[in-house]
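Structure first, then comments.
Just so it is clear, the values below take in all heavy atoms, side chains as well, and ignore hydrogens, waters and symmetry mates. Throughout, residue positions are numbered sequentially from 1 according to the sequence presented.
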Amino acid sequence: MPKTSFRKNSDSPLYKVKSILDDTLVKKYSNNKLKEKSIPIQNEIFNYRKNNFLVFDWYYKKHLESKEEIMIDTVNDYIKKI
C-alpha cells in the first residue's frame, strides 16, 4: 500500500494542508470552527492548481488508479484517528 510522503518544508501546500488537518483532529473543533479552518485548505488547493502546470489527460488516466488508492488510504487513516 503506497503512502504519500509530505515534504517537511512548511512552505509546501501539502504540508500546510496536512498541518491544518492534523490540528483539527487533535483539537476537535466545532462545526463553525471547522468551516473557518477549511478556508485556508481551499485557498491552498486553489493556489496550487493556479500556479502549477496542467497534467496531460493521457498521464492522468494512466496514473489515476494508483493515486486514488493513495487518497483512499490517507482518508481511511484520518477516519481512524477521529
Side-chain angles (χ1 to χ4, degrees):
M1 217 175 336
K3 292 287 182 186
T4 303
S5 61
F6 294 99
R7 292 180 291 177
K8 298 289 181 186
N9 179 358
S10 61
D11 293 332
S12 161
L14 283 177
Y15 183 82
K16 289 178 184 176
V17 169
K18 183 180 184 313
S19 168
I20 293 168
L21 288 172
D22 288 343
D23 193 38
T24 58
L25 286 173
V26 170
K27 296 189 177 175
K28 306 288 184 190
Y29 292 121
S30 67
N31 286 342
N32 288 335
K33 190 70 170 176
L34 283 175
K35 287 179 188 177
E36 180 184 314
K37 288 286 192 176
S38 71
I39 292 170
I41 293 174
Q42 292 170 357
N43 290 342
E44 287 299 328
I45 292 169
F46 174 80
N47 287 332
Y48 183 81
R49 289 181 177 170
K50 183 177 97 173
N51 296 322
N52 285 287
F53 295 105
L54 295 176
V55 175
F56 293 111
D57 285 342
W58 64 266
Y59 183 87
Y60 174 80
K61 289 175 184 173
K62 180 179 178 183
H63 295 280
L64 176 64
E65 188 174 321
S66 66
K67 298 302 179 191
E68 281 192 352
E69 289 174 10
I70 293 170
M71 181 207 52
I72 289 168
D73 290 342
T74 304
V75 169
N76 286 334
D77 287 345
Y78 275 106
I79 290 171
K80 287 177 187 174
K81 290 180 181 180
I82 294 178

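Through ILVMFWY side-chain contacts below 4.5 Å, F53 is grouped with nothing and stands alone.
Listed by chain and residue number, I41, R49 satisfy the side-chain contact (heavy atoms from CB on, under 4.5 Å) test with I45 (two or more places apart in sequence, or in another chain). By the side chain to side chain donor-acceptor pair (under 3.5 Å) test, K67 is found to be paired with no residue, residues two or more places apart in sequence or in another chain being considered.
Heavy-atom contacts from other residues, nucleotides or ligands closer than 6.0 Å to CG of L54 number 12 or fewer.
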Could you give the side-chain donor-acceptor pairs of residues 55-62 under 3.5 Å, partners two or more places apart or in another chain?
none

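When each of D73, I79, D77 is tested with V75 by the rule side chain to side chain contact (heavy atoms under 4.5 Å, CB included), just one qualifies, namely I79.
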